[in-house]
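Before any comments, here is the structure.
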Amino acid sequence: MELKSTPMGQRLAQHPYNRVKLLNAGIEVSGEKHQYLIPFNELINIFCKKGIVWGELEFLLPEDKVVRLHGTDWEETQQFYRYLYQSWQNWSKEMSEISAQVLEKQLHNINEITQLNRWIKQSKLSEIQQSIKESFSAIPLPLERLIQFDNCHTLYQQCLEWLKHGEALINKENSAWITQILNEHAEFFNTIESSPLNESQCRAVINGEENILVLAGAGSGKTSVLVARAGWLLRRQLAQPDQILLLAFGRKAAQEMNERLSSRLNADIMAKTFHALALSVIQQATKKQPKISDLEINSEKRRALLLGEWREQCQQKKAQAKGWREWLSQELEWDIPDGEFWHDKKLENQVAVRLERWIGLLRMQGGSQKSLIESVQPEYTETFKKYLKLLSPLLKAWKTALKEEDAIDFSGLLHQAINLIEKGRFISPWKHILVDEFQDISPLRASLLTALKQQNKQTSLFAVGDDWQAIYRFSGAELLLTTSFHHSFGDGAECALDTTYRFNDTIGNVANTFIQQNPAQLSKPLNSLVKGNKKSVVLLSDDQLENLLNKMSGYVEENETILLLARYHYLKPELLKKAKTRWPNLDLQFMTFHASKGQQADYVIILGLQDGKDAFPAPARESIIELALLPSIEDYPNAEERRLMYVALTRAKKQVWLLFNKQQPSCFVSELKSQGVPIQRKP
């Protein structure tokens, strides 16, 4: 059947199309120079309109495209339209049956997944959504038309819901599953630790994603969650004991975790440090026992080697002495004495700390000096090369000492282990890797984890950490690995522990508000179960320390502890030398902010909130070596110093005193005052 424009209508319409022809399952619209084929499976709607004299047909296509035919006889147009429309509808009804079958099959597959009574992973959602898209592409009707058919409308809407709100639907299914699991395994969660796990802890333990980051504030039970996670994997038979790897960042932390594992789980699981893991990999891959250098274990020997070589270089080579003088005085702004400054004892202590750090960073990078220089940002290259030339003799002395010992240092240990894994000489037995204090991870340690995950694609990563307590950038820790966890290690879930069991709500509110002034810190709830009072956190002049300790000696009980914290170890108050006899019943302990990480006390006294010399926050004076090799400095004033303050505040269970210099107060003092922290004239 065919419809043509009248000669007059065609002439007046001046339109490229003047005829339409009905085909088997479509139409052909054509003119003298143009031809357009419209199959029914691309046709959205047909409109028949009457102009002043002639008829008009309009064919609506996907993306709001329209093909029009003008200038046809009106009665012929109506007749053609009725016949065409009926043919199109008959075809559409037949196609709707096929479409309904496709959609029903797709929803049946989704229902099978959701009714398996287990955690539905994010990766499964991706599979579901991809499958829906493939089903849509197999439907013979334009998708926009599916809502017109009773047999397709509801099915199509359900599929669309999975495409648009799939994550919410997955979360709903998983939430219902968690509720069921918590009821079925209530005894496990009530007894796995010394006190029952709270709901946020339970949800983190149960979570079934492959890569999970648990953000946990101070005192919220990070280690408890790790131990419970290991127990849960065993209970559900998701892994055997030898398929679970627990990692900590220090031997003491690993030992504490092992004590918990031993008392809570009846299984042969041992936590390791990253270095112990690397040692184990090398042993199994090479059948040899690497020796760890004494330089890594004995700090006095390490400093003696580096300082000895540094002094020798300055003594024997004028160029070295001149270069070091310029470096230390100009870039680091140190006061360098005249003459043979390398024999100055006070300067030696400052230099020793930096030499250890710089050599450690260079060893951590690995590779040749040429590759090191090539990896540095262009703006640092020339200065970096100059400083690297000064450090090269020390780096050579370090490598010579390792060779003489026939030993390996910690960085070399990690590099060798990564290399063996990547070459396939070590086959990872672990299905689950659990990591504590993840915010302290360095790129080199992260590379070890990545190598293990790539070597065994089934390996899942469960990490607990707190970006608010990331204070080890100077040793190579990269906060971005935590804040961009899933970008680095793969898609998964992010959980938060929302309750602290350490400090009261006043300390919590002050600490949380203070740390979250930096918008780059991840936002997370941290509620306290204990009510504090207005004096739980107070500002006090630093000349009142002795009076404060006098007052505390009158009410602090024998089993309660007091922690004094400062930015630097040499700021330890002189009056503590007489503390054992002056206040014999007070349990006093002094620490730096960094050393206090992981500690807690009933009362905390934070010292040194001052500007000027020994300021806190400390001014950022980093060498080009550090700027080139360490993670970039965050674009927020005193970002890491702010996290140090957060760590210090959250060591306290009951009360915190912030001692500040009245003449030169720290910039943090005015900020804390604006938060409502009261100032006391006397304790």
Side-chain angles (χ1 to χ4, degrees), residues 193-201 214-225 256 436-437 439 464-471 496-518 521-540 548 552 555-557 559-566 586-607 609 642-659 668 671-673 675-678 680 683:
E193 275 291 300
S194 54
S195 58
L197 300 187
N198 63 41
E199 185 174 346
S200 63
Q201 290 173 322
V214 181
L215 292 171
S220 57
K222 293 188 288 292
T223 307
S224 294
V225 166
E256 290 175 356
D436 197 11
E437 300 292 356
Q439 76 279 349
V464 297
D466 183 8
D467 65 304
W468 296 358
Q469 298 187 69
I471 58 174
L497 305 186
D498 56 13
T499 304
T500 179
Y501 295 93
R502 179 181 298 159
F503 42 80
N504 60 50
D505 62 349
T506 302
I507 297 173
N509 289 337
V510 171
N512 294 1
T513 303
F514 183 80
I515 192 64
Q516 290 186 87
Q517 295 303 305
N518 181 354
Q521 301 291 171
L522 299 176
S523 178
K524 53 182 176 285
L526 191 59
N527 306 309
S528 176
L529 301 174
V530 180
K531 288 288 183 182
N533 56 55
K534 291 182 179 180
K535 295 184 178 180
S536 293
V537 182
V538 295
L539 288 157
L540 184 66
L548 175 60
M552 295 181 76
Y555 65 82
V556 173
E557 298 180 5
N559 63 337
E560 294 182 324
T561 54
I562 303 170
L563 196 55
L564 291 92
L565 303 176
L586 289 183
D587 184 356
L588 296 168
Q589 189 174 6
F590 174 82
M591 286 184 177
T592 64
F593 295 155
H594 285 97
S596 72
K597 181 101 177 302
Q599 304 295 319
Q600 62 181 17
D602 295 284
Y603 304 96
V604 167
I605 302 170
I606 298 176
L607 308 168
L609 268 72
R642 184 175 291 272
R643 292 193 290 270
L644 274 175
M645 172 64 93
Y646 173 81
V647 168
L649 284 167
T650 55
R651 300 311 94 191
K653 296 179 183 178
K654 297 180 179 179
Q655 192 163 2
V656 180
W657 288 271
L658 299 152
L659 271 58
F668 287 163
E671 186 175 332
L672 290 163
K673 285 168 60 179
Q675 284 184 219
V677 176
Q680 289 185 336

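Looking only at side-chain heavy atoms (C-beta outward), Ile562 and Trp657 stay at 4.5 Å or farther from each other. Side-chain contact between Lys222 and Val214: absent, with no pair of heavy atoms (C-beta onward) separated by less than 4.5 Å. Contact annotation: the side chain of Gln589 never approaches that of Gln599 to less than 4.5 Å [non-hydrogen atoms, C-beta and beyond]. Side-chain contact between Asp498 and Lys524 is absent, with no heavy-atom pair separated by less than 4.5 Å. Looking only at side-chain heavy atoms (C-beta outward), Ile606 and Phe593 come within less than 4.5 Å of each other. Taking the side chain as every heavy atom from C-beta outward, Ile605 and Met552 approach each other to under 4.5 Å. With contacts defined as side-chain heavy-atom distances shorter than 4.5 Å, the pair Lys653/Val530 does not qualify.
Smallest separation of non-hydrogen atoms from Asp602 and Asn559: OD2-O, 4.1 Å. Residues Leu565 and Val604 share a closest heavy-atom pair of CD1-CG1, 3.9 Å. Nearest heavy-atom pair, Leu539 versus Lys673, reported as atom, atom and distance to 0.1 Å: CD1-CG, 3.5 Å. Nearest heavy atom pair, residue Ser200 against residue Ala496, reads CB-O, 3.5 Å.
A distance-only check finds no donor-acceptor pair linking the side chain of Thr506 to the backbone of Lys534 [under 3.5 Å]. For the pair Ser528 (side chain) and Phe503 (backbone), a donor-acceptor distance under 3.5 Å is present. Between the side chain of Gln439 and the backbone N or O of Asp466 there is at least one donor-acceptor pair closer than 3.5 Å. One N or O on the side chain of Gln201 and one on the backbone of Asn198 form a donor-acceptor pair closer than 3.5 Å. No side-chain donor-acceptor contact under 3.5 Å links Glu193 to the backbone of Thr223. In this structure a side-chain-to-backbone donor-acceptor pair under 3.5 Å is present from Asn533 to Ser536.
Once rounded to the nearest 0.5 Å, the distance linking CG of Leu197 with OG1 of Thr499 reads 11.5 Å. Here the CG atom belonging to Leu658 is positioned 6.0 Å from the CG atom belonging to Leu609, to the nearest 0.5 angstrom. Remark: Trp468 CH2 to Ser523 OG distance equals 6.5 Å, nearest 0.5 Å. Atom CG of Asn512 is separated from atom CG of Asn509 by 6.5 Å, given to the nearest 0.5 angstrom. One finds the NZ atom of Lys654 at 9.0 Å from the OG1 atom of Thr561 (value rounded to the nearest 0.5 Å). One finds the OH atom of Tyr501 at 14.0 Å from the CD atom of Gln600 (value rounded to the nearest 0.5 Å).
Applying the side-chain hydrogen bond (donor to acceptor under 3.5 Å, both in side chains) definition to pairs two or more places apart or across chains, those involving residues 642-652 are Gln469-Arg651, Gln521-Arg643, Glu634-Arg643, Arg642-Glu671.
Residue Glu199 places its CD atom among 12 or fewer non-hydrogen atoms of other residues, nucleotides or ligands, all under 6.0 Å distant.
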